Novice: 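The structure's right below; bear with me while I get my questions together.
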Amino acid sequence: MAIDPALKEISSIFTSNGKEIYLVGGAVRDMLQKKKIHDWDLATNALPDEVTIIVKRAGGKVIPTGIKHGTVTVLYKKASCEVTTFRTESDYTDGRRPDKVEYAGKIEEDLSRRDFTMNAIALRLPDCKIIDPFGGAKDIKAKTIRCVGNAAERFNEDGLRPMRAVRFASQLGFKIEKNTLDAIHGALHISIKVSWERVRDEFDKILNSAKPSQGFRLMEKTGLLELFLPELSFCRGIDQKGYHEYDVLDHSLLACDYAAANNFSHEVRLAALFHDIGKPSVRELDASGGGAQAVWTFYRHEEVSADICRKIMNRFRYPNAVIDKTCHLVKEHMFQYTDKWSDAAVRRFIARVGEDYLDDIYRLRRADIFGFSGKNPDYRSLKQLVERVNKVIEAGSAFTVKDLAVTGKDLMTIGIPSGKIMGKILKELMETVLDDPEQNTRDRLLEIAGKIFKERG
Ligand code: ATP
Ligand code: MG
């Protein structure tokens, strides 16, 4: 097995001091799958203080990044890695973290506290001997996720592990072994105690995998979806006959897979997953067509979807900027372009969406359209809209108050006070200019503003 020379050098700092050092965790798993390794996690029998001394003596640096758990970051020449002293964990009472973390003498003890067999393999450095007490290599070969030891016990110790199983399944395209899968249901009462941030990290990794629907379907099957994202699980069975063949959940998953397959940003993937999440709550039957013609309607679902999306994302403690961007995309995802749209309608569309969001709203729309059928969608009308939008932008039209030929200061010179009325007038000027860009001159706008103020000020 080819080991990076920098890693060999770091390992020799330990071995020349009589200490053991192993590559562990995801790096070994990736290596056995012949994948590129992104970061190095090392395990050693040296205590953190000893690690600090020997690394410094060799000319490296040590940062106590996770010293509570026995982890330090080692910087040596241009390389960096995390080094953790062998640990055992015991007495889990809250389902979130062990009550006691103790240092262990042997690598096998350290491996036995790890979650899945594929993550409990160590590669001894520098000779690359594999230490694999739980058959992890065989499981990797068979693309199987299996708990180390008794699945129910492992999940009861740390309620995040079920989410990790599902996330790895989605990321790696592995299946979860039956006992491990069956044990998830019985651990849901433990999983709900886990912090939302930890759950979100796993959720994000599902969303970033090549086919997120795999992870979300497993969440649904195991009860994790109902636990963490009940709003999404309510979309199951909400049929949309008359529009397209999938229920709201399958449609959303297809849209999300499309966003992932096309490498769209995290916000677009989130918006693809949540864009229709308000449909179950706004659904109404329209029987005006009579009998078999009755269809479900989902009026203004985009607004309710944006509200629910915000609630979910707040719960998951996403940063506000991510929440705002995602919710804006969800709110604006419904537009039905036809060639009957006037230029003013196109300008209004740009003003509503915002120029900075246009590319993402097109991406979301493509994902949405893909989700109608899951195959060869027709993007013709979207393409026409993009052309129209580009033309209008090239013409240099105004789309925000900032683009107006007057400022608030100008309005003050004709006696309009700053405050609510000023805001209202600027908004009306904006409307005027969206309707007719020719009006966007200083003199003309001052004249209109003066008139409005006189009538209503
Ligand atoms: P990734 O490629 O996502 O980083 P990883 O396997 O390295 O995958 P990490 O979350 O970085 O995952 O964890 C590193 C290792 O620590 C895991 O491989 C596993 O051995 C162990 N581990 C992490 N979280 C847990 C947990 N909740 N319970 C038990 N072992 C865990
Ligand atoms: Mg890792």
Side-chain angles (χ1 to χ4, degrees), residues 7 22-44 65-66 68-73 80-92 94-101 104 107-123 130-137 139-140 143-174 176 180 183-184 187 190-191 193-195 197-210 212 215 224:
L7 186 56
Y22 298 83
L23 187 66
V24 288
V28 182
R29 185 187 68 231
D30 291 344
M31 205 177 232
L32 290 172
Q33 289 182 274
K34 303 193 168 48
K35 284 190 189 161
K36 221 180 138 209
I37 297 173
H38 42 97
D39 41 32
W40 297 329
D41 279 323
L42 300 174
T44 180
T65 36
K68 264 203 315 213
H69 310 105
T71 303
V72 296
T73 300
S80 90
C81 56
E82 306 250 289
V83 179
T84 307
T85 305
F86 297 162
R87 275 168 33 184
T88 58
E89 293 168 352
S90 55
D91 300 337
Y92 295 80
D94 68 355
R96 298 199 285 186
R97 62 187 87 80
D99 299 338
K100 259 198 317 216
V101 173
I107 184 68
E108 286 80 3
E109 287 176 82
D110 182 89
L111 294 176
S112 72
R113 73 167 167 92
R114 294 176 184 266
D115 46 9
F116 306 112
T117 60
M118 63 179 187
N119 290 344
I121 310 170
L123 185 86
I130 295 269
I131 320 291
D132 181 14
F134 306 104
D139 280 338
I140 290 174
K143 296 183 179 277
T144 299
I145 298 167
R146 183 195 313 272
C147 277
V148 169
N150 180 292
E153 281 171 23
R154 306 320 306 274
F155 289 160
N156 274 285
E157 289 167 356
D158 178 355
L160 186 69
R161 289 174 185 157
M163 267 306 276
R164 283 177 59 85
V166 166
R167 174 272 270 200
F168 280 120
S170 199
Q171 251 183 349
L172 306 173
F174 281 21
I176 304 176
T180 300
I184 293 182
I190 307 290
S191 293
K193 299 189 201 169
V194 171
S195 78
E197 287 88 343
R198 287 181 82 203
V199 176
R200 185 197 62 212
D201 285 347
E202 303 303 324
F203 172 75
D204 278 345
K205 285 179 182 172
I206 294 176
L207 212 53
N208 272 327
S209 64
L224 288 164

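For ligands, and for the atoms within them, numbers begin at 1 and follow the listed sequence. As the structure is a prediction and not an experimental result, all values here were calculated from the model.
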Novice: Is there a side-chain contact between Glu82 and Asp39 (heavy atoms, below 4.5 Å)?
Specialist: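 Side chain of Glu82 against side chain of Asp39, heavy atoms only: no contact under 4.5 Å found.
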Novice: Quick one: which of Asp115, Asp110, Val28 has a heavy atom closest to atom 30 (N) of ligand 1?
Specialist: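 Minimum heavy-atom distance to atom 30 (N) of ligand 1 goes to Asp115.
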Novice: Which is closest to atom 20 (O) of ligand 1 in terms of heavy atoms, Asp30, Asn119, Leu172, Val24?
Specialist: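 Among Asp30, Asn119, Leu172, Val24, the closest heavy atom to atom 20 (O) of ligand 1 comes from Asn119.
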Novice: Counting distance only, does the side-chain N/O of Thr180 pair as donor-acceptor with the main-chain N or O of Cys147 below 3.5 Å?
Specialist: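 Side chain of Thr180 to backbone of Cys147: a pair is present.
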Novice: Keeping Asp132 on the side-chain end and Ala137 on the backbone end, is there a donor-acceptor pair under 3.5 Å?
Specialist: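 Yes; at least one donor-acceptor contact below 3.5 Å.
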Novice: Specify the protein heavy atom at minimum distance from atom 21 (C) of ligand 1: its residue, its atom name, and the distance to 0.1 Å.
Specialist: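 Going by distance alone, atom 21 (C) of ligand 1 is nearest to Arg114 NH1, 3.7 Å.
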Novice: Using side-chain heavy atoms (C-beta onward) and a distance below 4.5 Å, is Ser112 in contact with Phe134?
Specialist: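 Yes, side chains in contact.
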Novice: As an exercise, identify every atom of ligand 1 less than 4.0 angstrom from a heavy atom of Gly25.
Specialist: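 This gives 18 (O) as the contact atoms.
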Novice: Heavy atoms only, cut-off 4.0 Å: how does Arg167 contact ligand 1, side chain, backbone, both, or neither?
Specialist: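 Only the side chain of Arg167 comes within reach of ligand 1.
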Novice: For a side chain to side chain contact (heavy atoms under 4.5 Å, CB included) with Tyr22, tell me which candidate from Ile131, Leu42, Leu123 qualifies.
Specialist: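 When Ile131, Leu42, Leu123 are each tested with Tyr22, the side chain to side chain contact (heavy atoms under 4.5 Å, CB included) holds only for Ile131.
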Novice: Kindly indicate whether the side chain of Met118, heavy atoms from C-beta on, has any atom under 4.5 Å from the side chain of Ile145.
Specialist: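 Yes, their side chains come closer than 4.5 Å.
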Novice: What is the closest protein heavy atom to atom 14 (C) of ligand 1, and at what distance does it sit?
Specialist: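 Result: Asp41 OD2, 4.0 Å.
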Novice: Has Lys205 got any heavy atom lying under 4.0 angstrom from an atom of ligand 1?
Specialist: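 It does, in that a heavy atom of Lys205 comes within the 4.0 Å cut-off of ligand 1.
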Novice: Under a 4.5 Å cut-off applied to non-hydrogen side-chain atoms, are Ile107 and Val24 in contact?
Specialist: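 In short, these two side chains touch, coming nearer than 4.5 Å.
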Novice: When you measure from atom 7 (O) of ligand 1 to every protein heavy atom, which one gives the shortest distance, and what is it?
Specialist: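 Nearest neighbour among protein heavy atoms for atom 7 (O) of ligand 1, to 0.1 Å: Gly26 N, 3.3 Å.
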Novice: Specify side chain, backbone, both or neither for Asp158, according to which of its non-hydrogen atoms lie closer than 4.0 Å to ligand 1.
Specialist: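 The answer is the side chain.
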Novice: Just jot down the ligand 1 atoms closer than 4.0 angstrom to any heavy atom of His38, in number order.
Specialist: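 Those atoms are 2 (O).
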Novice: Counting only heavy atoms not in Lys193 (residues, nucleotides, ligands), do more than 12 fall under 6.0 Å from its NZ?
Specialist: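 Result for NZ/Lys193: enclosed.
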Novice: Name the closest protein heavy atom to atom 6 (O) of ligand 1, giving the residue it belongs to and the distance to 0.1 Å.
Specialist: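 Checking every protein heavy atom, the shortest distance to atom 6 (O) of ligand 1 gives Arg29 NH1, 2.7 Å.
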Novice: Out of curiosity, is Phe168 lining ligand 1, as in a heavy atom under 4.0 Å away?
Specialist: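 Yes; Phe168 lies near enough to ligand 1 that a heavy-atom distance drops under 4.0 Å.
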Novice: Answer with side chain, backbone, both or neither: which part of Arg113 has a heavy atom less than 4.0 angstrom from an atom of ligand 1?
Specialist: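 Looking at Arg113 and ligand 1, just backbone atoms fall under 4.0 Å.
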Novice: List, one per line, each side-chain donor-acceptor pair under 3.5 Å for residues 156-167, sequence neighbours excluded.
Specialist:
from: Asn156; atom 1: ND2; to: Ala152; atom 2: O; distance (Å): 2.7
from: Glu157; atom 1: OE1; to: Arg154; atom 2: NE; distance (Å): 2.9
from: Glu157; atom 1: OE1; to: Arg154; atom 2: NH2; distance (Å): 3.2
from: Glu157; atom 1: OE1; to: Arg161; atom 2: NH1; distance (Å): 2.8
from: Asp158; atom 1: OD1; to: Leu160; atom 2: N; distance (Å): 2.9
from: Asp158; atom 1: OD2; to: Arg198; atom 2: NH2; distance (Å): 3.2
from: Arg161; atom 1: NH1; to: Arg154; atom 2: O; distance (Å): 2.8
from: Arg164; atom 1: NE; to: Asp115; atom 2: OD2; distance (Å): 2.6
from: Arg164; atom 1: NH2; to: Asp115; atom 2: OD2; distance (Å): 3.0
from: Arg167; atom 1: NE; to: Glu202; atom 2: OE1; distance (Å): 2.6
from: Arg167; atom 1: NH1; to: Gln171; atom 2: OE1; distance (Å): 2.8
from: Arg167; atom 1: NH2; to: Glu202; atom 2: OE1; distance (Å): 3.4

Novice: Which residue supplies the protein heavy atom nearest to atom 28 (N) of ligand 1, what is that atom called, and how far is it?
Specialist: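 Looking at atom 28 (N) of ligand 1, the protein heavy atom closest to it is Arg161 NE, 2.8 Å.
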Novice: Counting distance only, does the side-chain N/O of Asp110 pair as donor-acceptor with the main-chain N or O of Arg87 below 3.5 Å?
Specialist: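 It does hold such a pair.
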Novice: Among all protein heavy atoms in this structure, tell me which lies nearest to atom 10 (O) of ligand 1, with the distance rounded to 0.1 Å.
Specialist: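 It is Arg164 NH1, 3.0 Å.
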